[in-house]
Structures are given as C-alpha cells and as structure tokens.
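Order of the sequence lines sets the chain letters (A, B, ...), proteins ahead of strands, with each chain counted from 1.
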2 protein chains.
Amino acid sequence: MAARREAGEGDPTLIWERPEPPSRPAPSPLSRERIVRAAIELADADGLEAVSLRKVAAALDAGPMRLYGYLSTKEELLDLMADAVYSEIPPPVRAGDDWRGALRSLAHGTRDAALRHEWFADLLSGRPHLGPNALARGEASLAALDGAPGFEHIDTIMLAVNTVNVYVIGALQRQIADLRAARTTGMDEREWQHASYPYLARMLATGRYPTLARFVRDASHADADSTFEAGLDCVLDGIAARLPRP
Amino acid sequence: MAARREAGEGDPTLIWERPEPPSRPAPSPLSRERIVRAAIELADADGLEAVSLRKVAAALDAGPMRLYGYLSTKEELLDLMADAVYSEIPPPVRAGDDWRGALRSLAHGTRDAALRHEWFADLLSGRPHLGPNALARGEASLAALDGAPGFEHIDTIMLAVNTVNVYVIGALQRQIADLRAARTTGMDEREWQHASYPYLARMLATGRYPTLARFVRDASHADADSTFEAGLDCVLDGIAARLPRP
DNA sequence: TATCACACCGATACACTGTATCGCAGTGAT
DNA sequence: ATCACTGCGATACAGTGTATCGGTGTGATA
C-alpha cells in the first residue's frame with residue numbers, strides 16, 4: 001500500500017476533504033476536476049459501464065495508474081461524478097410564501113439535471129450522496145421552506161422535503177429505465193409506451209392479466225413529463241393536506 | 001454464435017417466453033430456477049457484485065459455461081432475480097372500500113420484499129421489470145383499486161398506483177443507500193442517523209450549511225419505518241385530495 | 001450387438017476490468 | 001556534480017463476461 005492511499009483509509013467519504021495533490025506545473029496538467037469531467041463525458045455518451053479507469057485515463061492522455069494520485073478508488077470517482085450532477089441543480093426559487101413553487105422548482109431542477117446524465121440514476125442506490133454540492137442542495141431545499149407559513153414545525157419541513165425528494169428519485173428511476181428499454185428497441189418513448197411493444201402485447205394476450213390489459217388499452221397514456229407533473233401535484237396536495245388549517 | 005443463443009436474439013425481454021431446455025434426467029439436475037436461487041443466495045449474502053457466473057456455477061457444481069444453456073446473458077439472470085423478488089410480494093388485500101388499506105398493503109409488501117433483498121434496489125434503474133411476477137403484481141395493484149368508490153375513472157387509478165409505486169421505489173432506494181453506509185462504518189442505522197457520523201459533523205461545522213445543521217440538530221430523527229409511513233400517508237392524502245367529493 | 005452421428009459439457013482462450021507492485025527517470029537539495 | 005527522493009506508469013495479477021470448439025457420452029440405427 002505504501003503512500004498511495006494517503007488519508008482516510010477506512011472511511012470512503014473522506015474524498016470530499018482530502019486535498020488534491022498540488023498540481024505540479026509541467027508534468028501534471030491533471031486535476032480531480034478534469035478527471036471527473038472526462039468521466040462524465042464518457043458516461044453521458046455511452047453509459048456508466050463505459051466508464052473504466054483505463055478509458056478515462058486514455059481520454060486524458062495518461063496511464064491508468066496516474067489517476068490513483070487523485071482518487072483512491074473507482075468508487076470515489078463515481079461519488080465525484082454524482083456530486084457534479086448536484087452542482088447542476090439550480091437552487092429552488094421561492095417567491096414569497098409560495099412553498100409549492102419552491103418544492104416544484106426543486107423537483108424540476110433535480111429531474112432536469114438527472115435526465116441530462118442518465119447514469120445518475122444508477123448511482124442512487126450506491127451510497128448516500130454527501131458531497132458538498134449534494135449538501136448544498138439539501139441546505140437550499142430546507143432553507144426554501146424555512147419559515148413558510150404552515151411550516152413552523154421543523155418536522156413538517158423534513159417530511160415535505162423528504163417526500164418530494166423520494167418521489168423525484170423514484171420517478172427518475174422509472175423513467176430512465178423506460179427510456180433505456182425504448183432505446184434498445186429502437187422506438188422512441190412514446191411509441192414504446194403505446195404498447196405495440198410486441199412482447200408485452202403477447203403477454204397481455206395470454207389473458208392472465210385482464211385488468212392490466214384493459215388499462216393498457218383504455219388508459220390515456222400521458223407522456224413522461226405530464227405523468228411526473230401529475231404525481232408531483234399529488235404529493236404536493238398531500239403535503240398541503242397536513243398543514244395546519246390556514 | 002451457433003445454437004447457443006437460440007430464440008429471441010435481439011430482444012432481451014424474451015427470456016420470459018423462451019422454454020427451458022428439457023431437463024435431461026441424469027446429467028443435468030440444473031434448472032433456471034435453481035440457478036436463480038443460487039444467485040439470489042449469493043446476492044443476499046454478499047451483494048450483487050458478488051454474483052458472477054463463475055461463482056453461481058460453482059455453487060451448483062458446474063462449470064461457468066454450463067449456465068449458458070439456461071441463460072443467454074448475465075443480464076437475463078439479473079432479470080430473473082428481480083422477478084423472483086416480485087414473486088415474494090403478497091397480493092394487496094382490499095377490504096371493502098378501503099382503498100387506502102389496499103395501497104398501503106401493496107406498498108408494505110413491496111418494501112418488505114425489497115428489504116429482504118437489498119440488491120433489488122440496484123436493479124431498478126436497469127430496465128423496466130416485465131417478468132410474469134412483476135406483471136402479476138401490476139395486475140393485482142390495478143385490480144385492488146378497480147371499482148373502489150372515487151376511482152371510477154381509469155386515469156385516477158393509474159395516477160394513484162403510479163404515485164405510490166414511485167414513492168416506494170424512491171424510499172427504498174434511499175433507505176438502502178443509508179443502510180449500506182451505516183454498515184460500512186460499522187454503526188447501526190440509528191447511530192448513523194444520529195449524526196455522530198464524524199464526516200458529516202465536520203462538514204456541518206464549516207458553517208456552510210446553517211439550515212441543514214440546525215435541522216440535523218433539532219429535528220426528531222425518526223427511524224426508517226416511521227419515516228416511510230409518514231411519507232406514505234402524505235402520498236395517500238394527496239391521492240384522497242384528488243378524488244371526487246364523496 | 002456393434003456402429004455411427006449427434007448433442008452438449010466444459011476446458012481453454014480472449015478482451016477487459018480494478019488495482020498492487022516497483023524499476024526508472026527526472027527533480028531538488030546538498 | 002552528486003545524491004536522495006518522489007512519483008509516473010509499465011507490468012502484473014486476479015477477476016469478470018462470454019466465444020470457440022475438441023472430446024465424450026448418449027441414443028438411434030444397421
């Protein structure tokens with residue numbers, strides 16, 4: 001092991017605090033940020049499984065081992081990538097007492113950033129995101145509701161922010177899974193949803209799923225955006241219902 | 001390629017329809033089900049990244065290549081594993097008009113099954129789950145609300161089921177990420193949440209996240225179960241708010 | 001019963017992964 | 001001018017998913 005993995009051996013979250021190696025002028029035009037940027041480019045283009053230390057290094061004209069001066073593990077790179085996504089989420093806007101607007105802008109900001117980087121969904125189940133940008137987003141979320149009318153109790157705010165976040169995460173997960181499925185079959189999302197999707201059609205034709213079949217036939221299949229919006233409204237209504245009578 | 005990958009070459013969802021190879025009596029005491037069971041045991045014990053075709057095959061006293069008679073890809077194995085989790089979800093009970101109870105039991109059943117198999121969360125972003133058991137769960141969910149008072153319109157049912165599902169998925173994702181983080185630090189979940197977690201404490205001490213710090217200090221950090229319950233109630237309230245006046 | 005044809009198992013191989021090791025070159029100090 | 005050292009990256013290793021294909025055991029046929 002020697003001195004390769006320097007500080008914070010046991011605790012993987014310590015990337016956020018460990019200083020970068022001083023970027024020596026000539027021989028090392030590398031930085032954690034450049035590495036992360038290269039990795040994100042790869043992931044955006046070809047998915048997370050295309051991100052290998054070798055490829056990232058190659059994109060930076062370096063040998064794979066070079067990266068270990070800036071990262072001590074591939075997991076760290078993934079953490080940094082996730083945090084970079086958080087940095088793209090704009091702070092929620094709160095106009096006066098419009099807490100719904102605040103939560104809504106938070107939700108949309110998160111969703112937009114995540115849809116720009118589909119691989120983000122794959123990093124959600126890994127470990128909690130605690131990088132500086134993720135924390136900043138947390139800070140901004142809470143601050144956006146802090147002091148809004150009806151949100152006097154701290155636990156009310158927690159519940160609201162948590163529920164919205166959880167909804168957004170779940171919705172993302174699902175939409176991205178669908179997007180990928182659609183892409184591998186070559187259809188666009190709309191076509192796919194309309195269930196000319198042959199396997200599903202055959203499965204439904206077995207008669208084992210009568211209700212499902214009826215719904216696939218009769219429901220007005222909205223696009224992903226409006227479905228997201230409808231669910232979000234639903235969640236916001238639920239939050240509103242638990243506020244003290246104004 | 002020859003005859004190894006037989007039917008449904010292009011479409012990866014076709015596992016569900018492709019028949020198993022006829023289990024020849026003596027030399028082949030293997031079956032898709034045994035393979036999946038072995039893989040699930042590995043994943044339950046050591047996480048999804050411990051599931052390699054070699055290890056699964058070894059657990060069954062077979063060479064790695066043997067599995068390719070039953071699967072054409074590791075992805076298929078993962079799909080089968082995911083569907084096995086769905087088979088553990090009990091059909092939602094609906095007592096009379098109690099649609100809340102139906103959705104609640106659906107949510108809990110899903111959550112319980114997923115917490116029994118933490119790796120399930122990692123499979124959510126992969127591709128949509130369309131195995132027979134997943135479809136059966138879909139069927140049961142819709143059927144549970146079908147005809148309940150207030151749910152006359154098909155889109156109302158869709159919205160309700162979708163929103164609950166999405167909430168459950170998101171909540172799972174998050175709790176499992178937390179569980180893992182807690183485990184790698186050796187603490188139990190409760191301890192971890194109570195933020196003696198040293199990195200977080202240091203980060204909050206920087207003063208860059210004042211609201212967050214206050215919340216971590218003052219909020220009553222409920223355990224995962226009650227948080228889930230509270231959020232679920234919130235979502236159910238939101239659904240209730242959108243029903244036609246009774 | 002002896003032979004043949006065929007099916008299939010799994011050893012071998014390949015390209016790829018993350019990462020440990022360590023020789024060597026290049027730098028700064030003496 | 002010499003030395004000590006630092007840190008880069010070639011090499012190596014154990015592991016992955018999967019393609020290939022030789023050998024073997026089986027069932028059918030003569």
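In terms of heavy atoms, Val235(B) sits closest to Val164(B) at CG1-CG2, 4.2 Å. A pairwise comparison of heavy atoms in Ser125(B) and Gln173(A) identifies CB-OE1, 2.7 Å as the closest pair.
Phosphate contact (OP1/OP2 of dA19(D), side-chain N/O of Tyr68(B), threshold under 4.0 Å): absent. Proximity of Lys55(A) to the phosphate of dC16(C): no side-chain N or O atom is located under 4.0 Å from OP1 or OP2. At least one side-chain nitrogen or oxygen of Thr73(A) sits closer than 4.0 Å to the OP1 or OP2 atom of dT19(C).
For Leu60(A) and dG9(D), the CG to C1' distance is 15 Å, given to the nearest whole Å. In this structure, OH of Tyr70(A) is placed 10 Å from C1' of dC8(D), rounded to the nearest angstrom. Summarising the geometry, the separation between CG on Leu53(B) and C1' on dA11(C) is reported as 16 Å, rounded to the nearest angstrom. Distance CE (Met65(A)) to P (dC24(C)): 19 Å, rounded to an integer number of Å. In this entry the distance linking CD of Glu49(A) with C1' of dT18(D) reads 16 Å, nearest Å. Distance Lys74(B) NZ to dT16(D) P: 9 Å, rounded to the nearest Å. The nearest whole Å value for the distance from the CZ atom in Arg66(B) to the C1' atom in dA7(C) is 13 Å. Atom CD of Glu76(A) and atom C1' of dG18(C) are 14 Å apart (whole Å).
Taking the six-membered ring wherever Trp is involved, the centroid distance between the rings of Tyr86(A) and Phe120(A) falls below 6.0 Å.
Residue-level contact check: Val56(B) touches neither bases nor backbone, having no heavy atom under 4.0 Å from any strand.
Nearer to the 5' terminus of DNA chain D, by closest-nucleotide assignment, is the contact made by Gly63(A) (compared with the other of Gly63(A) and Val51(B)).
With hydrogens and angles ignored, a donor-acceptor pair closer than 3.5 Å exists between the side chain of Arg54(A) and the base of dG18(C).
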Side chain to side chain contact (heavy atoms under 4.5 Å, CB included) assessment of Leu115(B) paired with Gln175(B)
CA-CA 9 Å; Leu115(B) 289 180; Gln175(B) 191 191 342; 3.9 Å; yes
Is there a salt bridge (charged side-chain N to carboxylate O under 4.0 Å, His left out) between Arg180(A) and Asp122(A) once you walk through the steps?
CA-CA 12 Å; Arg180(A) 286 175 174 158; Asp122(A) 300 321; 2.8 Å; yes
